[in-house]
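See below for the structure under consideration.
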Protein chains: 2
Amino acid sequence: MINLEKKLRAAGLRPTKQRLLISNYLFSGSHMHVTADSLYSELSKSGVNISLATIYNVLNIFTSHGLLREISIDSSRSYFDTNTKKHYHYYYEKTAKLEDIDIEKLQINPLPEKRNGFDVSSIDIVIRVNG
Amino acid sequence: MINLEKKLRAAGLRPTKQRLLISNYLFSGSHMHVTADSLYSELSKSGVNISLATIYNVLNIFTSHGLLREISIDSSRSYFDTNTKKHYHYYYEKTAKLEDIDIEKLQINPLPEKRNGFDVSSIDIVIRVNG
DNA sequence: TAAGGTTTTTAGAACTATTCTAAACTAGTT
DNA sequence: AACTAGTTTAGAATAGTTCTAAAAACCTTA
């Protein structure tokens, strides 16, 4: 967990107890996709009690400091992805689960870089499947 | 406006006064992107008073009957697109406006049709620009 | 063209996800 | 150890959307 402290500091964030606990859940294994609610209940389930306000707070601050990426899938809730590299998503409509698509798996031609003089800030691709 | 009545009936919907007024706004000119709120205030501005509940109701029923397409851009609100053909979007972050991208303008390789045995139901691409 | 059954509209309440508030607490500095 | 700024918290507040149930409109049949 000492590396998590470093990770937070490197992102310019104070390693508080709550942020470390959340980081431990999010960043210790493989990449994952969470919602505020799923994170809150998973932590609660394992005996880690952090207020929902803090969960939201931390998800937002992690996102603005580049530790997470927010994904718009569904207007009814926000997903956060621990994979911050460029990539795309499959979305399983029945289970409401996400799966990463490696950027090399999907070629886009031409890859836009500008539009009307504005820079492209991100390219979001969601492939919805009926399962 | 008689053709709007036909359009609604063809979609299996009763052409009520409110639906016709909304259709007249949405389907009489070129394609557009609306939110419940923008539609409500545009109609109000032109003297057409339809309750917000009906606006939501009609947007949802139009979507489920194929007259509109819902787009997830932003978890804080839903956009509806009068263009129901396959296409993609530019999203202008500052103005929160959408612009259509013709499907031929962007090639995807390989174009996925299945994933884990499930059919692809849609491919949503949003290219965000900082303007 | 009137009656009757079904669908739609409406105002307002309810709900859900998220943010705000301001008081208590904690981390890092001196 | 004391100070200051940043963080957490419970609960209130807010925003977007859906629900409720009563009134109104639509459409069919007579």
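Numbers restart at 1 for each chain; the letters A, B, ... are given by sequence-line order, proteins then strands.
- Atom CG of Leu20(B) and atom C1' of dT9(C) are 14 Å apart (whole Å).
- Here dT18(C) presents its C1' atom at 15 Å from CG of Leu39(A), a figure rounded to the nearest Å.
- By the side chain to side chain contact (heavy atoms under 4.5 Å, CB included) test, Ser64(B) pairs with Ile61(B), sequence neighbours left out.
- Residue contacts shown for Ser78(A) are limited to sugar-phosphate atoms, with no base heavy atom under 4.0 Å away.
- Nucleotide dT8(D) holds its P atom 15 Å from the CG atom of Asn49(A), rounded to whole Å.
- In this structure the side chain of Asn49(B) never reaches within 4.5 angstrom of the side chain of Leu43(B), judged on heavy atoms.
- One finds a side-chain N or O of Gln18(A) lying less than 4.0 angstrom from the OP1 or OP2 phosphate oxygen of dT9(D).
- In the model, Asp100(A) has no side-chain atom that pairs as donor or acceptor with a side-chain atom of Tyr88(A) under 3.5 Å.
- Annotation: salt bridge (charged side-chain N to carboxylate O under 4.0 Å, His left out) contacts of Asp102(B) (sequence neighbours excluded): none.
- DNA chain D lies under 4.0 Å from at least one heavy atom of each of the following residues of residues 50-74 of chain A: Ile50(A), Ser51(A), Ala53(A), Thr54(A), Asn57(A).
- With sequence neighbours left out, His89(B) forms a ring-ring contact (aromatic ring centres under 6.0 Å, His included) with His33(B), His87(B).
- A salt bridge (charged side-chain N to carboxylate O under 4.0 Å, His left out) check over residues 27-47 of chain A, counting only residues at least two apart or in different chains, returns the pairs Glu42(A)-Lys45(A).
- If one axis is set at each end of the helix from dT1(C)-dA30(D) to dT30(C)-dA1(D) from five pairs, those axes are 30° apart, to 10°.
- Annotation: side chain to side chain contact (heavy atoms under 4.5 Å, CB included) contacts of Ala11(B) (sequence neighbours excluded): Leu13(B), His65(B), Leu67(B).
- Per the geometry, CG belonging to Leu8(B) stands 10 Å off P belonging to dT9(C), to the nearest Å.
- Residue contacts for Ser76(A): at a heavy-atom cut-off of 4.0 Å it reaches the sugar-phosphate backbone alone, with no base atom in range.
- If you measure from atom CG of Leu13(B) to atom P of dC27(D), you get 11 Å, rounded to the nearest angstrom.
- When only modelled atom types and interatomic distance are considered, Thr54(B) and Ser51(B) share a side-chain donor-acceptor pair under 3.5 Å.
- Take the nearest nucleotide of DNA chain D for Arg19(A) and for Asp37(B): the residue whose nucleotide is more 5' is Arg19(A).
- Residues satisfying the side chain to side chain contact (heavy atoms under 4.5 Å, CB included) test with Ser75(B), not counting sequence neighbours, are Glu70(A), Ser78(A).
- Considering only residues two or more places apart in sequence or on other chains, Ser23(B) meets the side chain to side chain contact (heavy atoms under 4.5 Å, CB included) condition with Leu4(B), Leu8(B), Phe27(B), Phe62(B).
- One atom, OH of Tyr40(A), and another, C1' of dT16(C), lie 15 Å apart when rounded to the nearest Å.
- Between Arg77(B) and dA15(D) there is no side-chain polar atom (N or O) within less than 4.0 angstrom of OP1 or OP2.
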Handout entry: Base-contact (B) and sugar-phosphate-only (S) positions in nucleotides 22-30 of chain C, heavy-atom cut-off under 4.0 Å, - elsewhere
Key = -----BS--
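- For residues 77-93 of chain B, every residue pair satisfying the salt bridge (charged side-chain N to carboxylate O under 4.0 Å, His left out) rule, not counting sequence neighbours, is listed here: Asp74(B)-Arg77(B).
- Scored by the salt bridge (charged side-chain N to carboxylate O under 4.0 Å, His left out) test, Asp119(B) finds Lys114(B) as partners (sequence neighbours excluded).
- In this structure, the CD1 atom of Ile22(B) is 13 Å from the C1' atom of dT10(C), given to the nearest Å.
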